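Below is one structure, written out as structure tokens; the observations come after it.
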Amino acid sequence: MAQIQAIKGFADLFPEDSALFLRMEQAAREVFPRYAFGELRTPLLEYTDLFRRSIGTETDVVQKEMYTFADSKERSMTLRPEATAGVMRAYIEHGVHAREAVSKFFTIGPMFRHERPQKGRMRQFHQINCECLGPREAEADAEIICMLMEFLGRLNLGDITLQINSLGCPNCRPAYRKILRDWLESLDPAGLCEDCRRRMETNPLRVLDCKVPTCRENTARAPVMLEHQCPECSAHLDTVLRHLRAQGVSFEINHRLVRGLDYYTRTTFEVVSGSIGAQGSVAGGGRYDGLISSLGGPDVPGIGFACGMERLALLMREDGEHFLSRPDFYLASLDDSCRDAAFELAQILRGAGLGGTLAFETRSMKSAMRQADKSRARFALILGPDELAAGTVAVRNMENGEQRAVSRAEAAGALKA
RNA sequence: GCGGAAGUAGCUCAGUUGGCAGAGCACCUGGUUGUGGCCCAGGGGGCCGAGAGUUCAAGUCUCUUCUUUCGCCCCA
């Protein structure tokens, strides 16, 4: 215990790793604004009540996964376990609905859940989150899904699948819930796992989502949600799917797709990958028409999604590409007398927009070249007594080995050419 | 919260029935005047995750603990 260590489930991202995150953020900031989404940054810390009321007190997230503690005035605070709640709070608190009929926000940042860490799951993890508030129309669903797929498409993720389902609305879901529960109760209980027998009572929809193979077999012919929805919900989903087909966005209907958070209604979707182990869900979202009013805000519907950046990073890494950019130069002095001039030259180059390393110690030629090679710089710049006297610097192209003396005043231009 | 596996050099890992702490890669320095990658030579690097115990002797055996990892659960 002498060594100070990072907290379990909290990771350090070195430049090779953060380069992937940077690339995701850049893709998000390019794609989302074209759909009129603007970035909203909300606090990492909120009053615990916000999450209890939005995510649902019965969920695992609220019951056992939140980082909750009291501040000096004994108020219960929680590190955000997801982004939607904070966005909703900000939306309501600032009366945004009164200013505009449709609000579109994205947010990027860390979330915190006290779970057992494993592949693709950290206690501090990062999400890219989008919320579209205001429209009730199916076009909003189709648009945000198209946007998500366009965003993911920029990331070179390999095989991913978009799955869609509809959970119905408060008018038709209770009836389906009852039909499903009755059907489940007619089964031989021995065919279901312990969890499912419990879920049958508390949350029958979750039984469909069980991963135990025998449960899946035995519920294969369960009543299908989509066949028991009201005409409005059916029409809504049809419109969403029609637009996706027209846009060439491929998807599959997953009758078992049930989301974990209580506030979802109608359209739900998830993007999954088979190649990163058990935590294969890369993005997920859906419509939450009752959430804002249940938090004390106006009766404004919404739809949104979240993607897990650590999981995206796992998929991006597989194409083995270099995400770090190459420096322009590596500049070394061969003698102590040259170091002042080297420092000046490095600053001139940086002032001209070039990037690279200045070797602080005087190095031998061999060592300087080895360092230049290792830095992956495009050019090695060498400053020795000869160059110092002549007002030049030796510029070596590391790709082809071509080398020439260039006046120090013109070095920046030579590197750019 | 529940299971399985693993912690030895910066990284990947050897280490026999308990008996001097190792390799490869990486790093540094050289291989005669100031030139990288390949090759060769040399060098720096270790509380063997931590703490107890057994023993003349523990990297090795026992227990505890921490961490990592793969699953379950849940979720992005």
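Residue numbering restarts at 1 for every chain, and letters A, B, ... go by the order of the sequence lines. As the structure is a prediction and not an experimental result, all values here were calculated from the model.
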Which nucleotide in the set B/C70, B/G34, B/A76 lies at the smallest distance from any side-chain heavy atom of A/Tyr264? B/A76
Salt bridge (charged side-chain N to carboxylate O under 4.0 Å, His left out) partners of A/Asp386, counting only residues at least two apart: none
What interatomic distance, in whole Å, is found between P of B/A5 and the corresponding atom of B/C63? 13 Å
So A/Gly120, base contact, sugar-phosphate only, or nothing? Heavy-atom distance under 4.0 Å. base
What's the CD-P distance between A/Glu65 and B/C2, to the nearest Å? 15 Å
Does A/Arg326 have any salt bridge (charged side-chain N to carboxylate O under 4.0 Å, His left out) partners at least two apart in sequence or in another chain, and if so, which? A/Glu399
Quick check on B/C73: is either OP1 or OP2 less than 4.0 Å from any side-chain nitrogen or oxygen of A/Lys64? no
Expected rows: protein N/O vs nucleotides 38-46 of chain B N/O, under 3.5 Å:
none

side-chain N/O A/Ser367 vs B/U29 OP1/OP2, d < 4.0 Å: yes
How are the rings of A/Phe32 and A/Phe305 set to each other: parallel, tilted or perpendicular (split at 30° and 60°)? perpendicular
Please evaluate the base of B/G1 for a donor-acceptor partner in the side chain of A/Arg116 within a cut-off of under 3.5 Å? no
Between atom CD in A/Gln63 and atom P in B/C73, what is the gap in whole Å? 17 Å
B/U68, OP1 or OP2 - any side-chain N/O from A/Lys8 closer than 4.0 Å? yes
Please give, in whole Å, the distance from B/U67 C1' to A/Arg123 CZ? 11 Å
Can you find a donor-acceptor N/O pair under 3.5 angstrom joining the side chain of A/Glu387 to the base of B/G34? yes
First encountered from the 5' end of RNA chain B, between A/Pro117 and A/Arg363: A/Arg363
Under the side-chain hydrogen bond (donor to acceptor under 3.5 Å, both in side chains) rule, what pairs show up with a residue in residues 216-225 of chain A, not counting sequence neighbours? A/Thr219-A/Arg256
When you check the phosphate oxygens OP1 and OP2 of B/C28, does a side-chain N or O of A/Lys374 lie under 4.0 Å from one of them? yes
Convert the base pairs of RNA chain B into dot-bracket notation, remembering that pairs crossing earlier ones are written with [ ] and that bases paired across to another strand are shown as |; include only Watson-Crick or G-U pairs under 3.5 Å. (((((((..((((.....[..)))).(((((.......))))).....(((((..]....))))))))))))....
Taking side chain to side chain contact (heavy atoms under 4.5 Å, CB included) as the definition, give me every residue that meets it alongside A/Glu361, ordered by chain and number, with sequence neighbours left out. A/Arg363
By nearest-heavy-atom nucleotide on RNA chain B, the more 5' of A/Arg121 and A/Ala6 is A/Ala6
To the nearest angstrom, how far is A/Met66 atom CE from B/C75 atom P? 14 Å
Between A/Gln403 and B/G36, does any side-chain N or O lie under 4.0 Å from OP1 or OP2? no
Quiz: residues 344-357 of chain A side-chain donor-acceptor pairs under 3.5 angstrom, not counting sequence neighbours:
| unit_1 | atom_1 | unit_2 | atom_2 | d |
| --- | --- | --- | --- | --- |
| A/Gln347 | OE1 | A/Arg350 | NH1 | 3.1 |
| A/Arg350 | NH2 | A/Gly356 | O | 2.8 |

Any side-chain N or O of A/Gln127 less than 4.0 Å from the OP1 or OP2 oxygen of B/A76? no
Nearest 0.5 Å, what's the CD-CD1 distance between A/Glu131 and A/Ile144? 7.0 Å
Does the separation of the ring centres of A/Phe105 and A/Phe37 fall below 6.0 angstrom? no
Among the candidates B/A76, B/U29, B/G36, find the nucleotide nearest to the side-chain atoms of A/Arg113. B/A76
Residues that A/Ser76 engages under side chain to side chain contact (heavy atoms under 4.5 Å, CB included), provided they are two or more places apart: A/Thr48, A/Thr68
What is the nucleic acid contact for A/Ala306, judged by heavy atoms within less than 4.0 Å: base, sugar-phosphate only, or nothing? sugar-phosphate
Candidate nucleotides B/C70, B/C74, B/A76, ranked by approach to the side chain of A/Arg206 - the nearest: B/C74
With sequence neighbours left out, the residues meeting salt bridge (charged side-chain N to carboxylate O under 4.0 Å, His left out) with A/Lys8 are none
